[in-house]
Number of protein chains: 2
Amino acid sequence: MGRNRATLADVARLAGLSKTAASMVLNGREGTRLSAEAHQRVFAAAEELGYRPNVAARSLRTRKTATIAFVSDIVATTRFAGGLIRGALDAARERDHVLLITETQGDAAFEQYAIEAMLDRQVDGVIYAAMATRRLAVPPAILGGPVVLLNATSPVQLQLPCVLPDDERAGAMVAETLLAQGHRDRIALIGRNRQKESDPEISLAAEARLRGIRSTLAATGVTLLVEGFCPEWLPEHGYAATRRLLDRPTRPSAIICMNDRLAFGAYQALGEAGLTIPGDLSVISFDDDPIASWLRPGLSTAALPHEQMGRRAVELLLDGDAVGPSFVPMPLRRRRSVAAPAG
Amino acid sequence: MGRNRATLADVARLAGLSKTAASMVLNGREGTRLSAEAHQRVFAAAEELGYRPNVAARSLRTRKTATIAFVSDIVATTRFAGGLIRGALDAARERDHVLLITETQGDAAFEQYAIEAMLDRQVDGVIYAAMATRRLAVPPAILGGPVVLLNATSPVQLQLPCVLPDDERAGAMVAETLLAQGHRDRIALIGRNRQKESDPEISLAAEARLRGIRSTLAATGVTLLVEGFCPEWLPEHGYAATRRLLDRPTRPSAIICMNDRLAFGAYQALGEAGLTIPGDLSVISFDDDPIASWLRPGLSTAALPHEQMGRRAVELLLDGDAVGPSFVPMPLRRRRSVAAPAG
DNA sequence: ATGCTCTGCTAAATCAGTTTAGCGACGTAG
DNA sequence: CTACGTCGCTAAACTGATTTAGCAGAGCAT
């Protein structure tokens, strides 16, 4: 890989100057007294030789590598990871940085290994990302340098900068959307889950979304008609919860699903029951999973702003001296699954 | 990030030996005549100081970084990328390597930039990945060192090692599955697409899948009842193609979909038409997208072995001196969408 | 006593940059 | 005429590892 690359010494020789001069010119150092002509000669030589500095040599001296570690529990392999990584990649490129990506798979030994591998390579900072928005314990090893938590917070005393989706506001928007269409006392919700709501190490989203929904409804004097519990946020549980909903005497006019996979299950149950969306029932949800746009009708949902979040993490890491959480808004994708309640 | 790390000189000093001795012991060099006691002392000192070598310094000398570049067109951000990266990450870790990931977004300038950034960092090799299985032009810059193409081939004369899913065999398995259930002359297919089938720079999968299906059916004297064309392999096109299928006089007993997203569209159309799967019609497909397991009934599909592929790419890069393509089998996920044709 | 080999170890060069300290020439002020 | 400052540039140290070349001492044969 890249043998015969020109070195700084080659550039200096061709320019008829010292390595020092060449280095200073190429780094655009202020306050050197090198002549305009010297600048010219160095640039010309570098250009001619196609010179590119050796990052290893440079970082040996400077302790900077223009490399960021992106460590995640398991995020890199999930659908959600894509956006996070893409956003981080874009922001990193804009700042001439590069991403070293690892996954811990939630395994302490792997995590230890991954972090050491990153630190051995002198990364300039670490982005520590979680798949599910949650609170997590930060491995002490990375606290020696800049760290940003992505889709996660840390126990309060650390006050690390972190990037989170604004789930509470999203909950409010979802509720507002239904209220605006005239839904009132027949709004159901599926996806309640005690574990997710009470244990911040499992999820921060559940509680925040619920809080946003409830407070917004409450402001108009509305309370939820039913709240369906689900052991996981998967289609099959959305399906089961929706069937339970339909067995009740009062049929809801709208269903809020805690995420799109539940909503997918709801669509299946409603389809089987011969009910149409949004004619008989409106459905609205969270995440903007790709299936949301594939469903018929398209599912209205508050999108997890993954790209924005990944981008923000890099920005905070490199530019900022931020402390505490930075919330990224979740835009509402309006599709066809919400309408006014039937007669 | 990681200041005050112990250096090799620190270890040597504590062990009462020279840097040379320490280096040799820690690298397990054969044929040195260092005493057993010297080994002990070095190991003890390294342990005590928590010594970890500085990769930048080492690679400056050795020109090895234990780092692999993973460059993709756009793969890193898609659902499919997850498995590819995960497999590569696992295999890399097993060999004590780390992955530098970039995305070119199909943009030549970005690609140029990404590759230079990787080479500047002295990566030991490059994995060049494509989102859609296809043939691509390899940027000359990376040909200086080891390269493996992932989910892609290169124009023949290069003979680069590459990793591809075995789509033809998958097509055969899909056809065999239907034949085994007794389907014969009412097998339909949706997802024909002239562009994908004829331009290897767009897709290699379409043509291979089709070839596997056709030759297997032909061996039993069967030909496809209908072949539905789709401008893209998206749910809406699967939906439209399936509706067209149902408008024909002879209703198919089974539908082969060129991928799972088309199959999702087919499910939607069949559901609307009041047809049940697999009672009225069997459906079978390719990819094993997550939705395949979410559908009701679960969709039988030939899985893209992303993790295996990512893993194989790293193995070929580091261990092998392979030439040409390496095919990874696509396992058939048998779910409930296939049954014997109705009476 | 001399020369030779073998053992156990080390000094110093090297990789490719950055950075510190300072040198010689020239101009100007006293 | 000398002292001093500025200009334009460079030698050499430094980063932390690997690797080459070779040294000192012990043991043995001649």
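As the structure is a prediction and not an experimental result, all values here were calculated from the model. Numbers restart at 1 for each chain; the letters A, B, ... are given by sequence-line order, proteins then strands. Atom set for the values below is all heavy atoms of this structure, side chains included, hydrogens, waters and symmetry mates excluded.
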May I ask you to say whether Glu103(B) pairs ionically with Arg93(A), meaning some side-chain N is under 4.0 Å from a carboxylate O? no

Which whole-number value in Å describes the distance from [X] [atom1] to [N] [atom2]?
X	N	atom1	atom2	value
Gln122(B)	dA17(D)	CD	P	17 Å
Lys64(B)	dC15(C)	NZ	P	17 Å
Leu34(B)	dC6(C)	CG	P	18 Å
Arg121(B)	dA16(C)	CZ	P	17 Å
Arg13(A)	dG17(C)	CZ	P	12 Å
Arg5(A)	dA16(C)	CZ	P	10 Å
Leu26(A)	dT18(C)	CG	P	8 Å

Lys19(A) (side chain) and dG17(C) (base): donor-acceptor pair under 3.5 Å: yes

Determine whether a donor-acceptor pair (one donor, one acceptor, N or O, separation below 3.5 Å) exists between the side chain of Arg61(A) and the base of dT18(C). yes

Residue Arg33(B), side-chain atoms from C-beta onward, closest of dC9(C), dA11(D), dA11(C): dC9(C)

Using the side-chain heavy atoms of Asn27(A), tell me which of these nucleotides is nearest: dA16(C), dT18(C), dT18(D). dT18(C)

Please round to the nearest 0.5 Å and tell me the distance separating atom [atom1] of [X] and atom [atom2] of [Y].
X	Y	atom1	atom2	answer
Ile85(A)	Ile127(A)	CD1	CD1	10.5 Å
Asp90(B)	Gln308(B)	CG	CD	10.0 Å
Ile101(B)	Ile68(B)	CD1	CD1	10.5 Å

Worked check of salt bridge (charged side-chain N to carboxylate O under 4.0 Å, His left out) between Glu307(A) and Arg311(A): CA-CA 6 Å; Glu307(A) 281 199 33; Arg311(A) 164 170 288 282; over 6 Å; no

Is Thr7(B) touching bases, backbone alone, or none of the nucleic acid, heavy atoms closer than 4.0 Å? sugar-phosphate

By the 4.0 Å heavy-atom rule, please label Ser35(A) as base, sugar-phosphate, or nothing. sugar-phosphate

Heavy-atom nearest nucleotide on DNA chain C taken for Met24(A) and for Leu8(A); more 5' hit belongs to Leu8(A)

Modelled atom types, side-chain donor and acceptor of Thr104(B) and Asp73(B), under 3.5 Å: no

Side-chain donor-acceptor pair present, Arg121(B), Thr67(B), cut-off under 3.5 Å: no

Which donor-acceptor pairs under 3.5 Å do the side chains of residues 137-147 of chain B make with protein atoms, sequence neighbours left out?
none

Any [X] side-chain N or O less than 4.0 Å from OP1/OP2 of [N]:
X	N	result
Thr62(B)	dT18(D)	no
Arg29(A)	dT19(C)	yes
Ser23(B)	dA17(D)	no
Ser18(A)	dT10(D)	yes

Near DNA chain C, which residues from residues 37-60 of chain B have a heavy atom under 4.0 Å away? Ala38(B), Leu60(B)

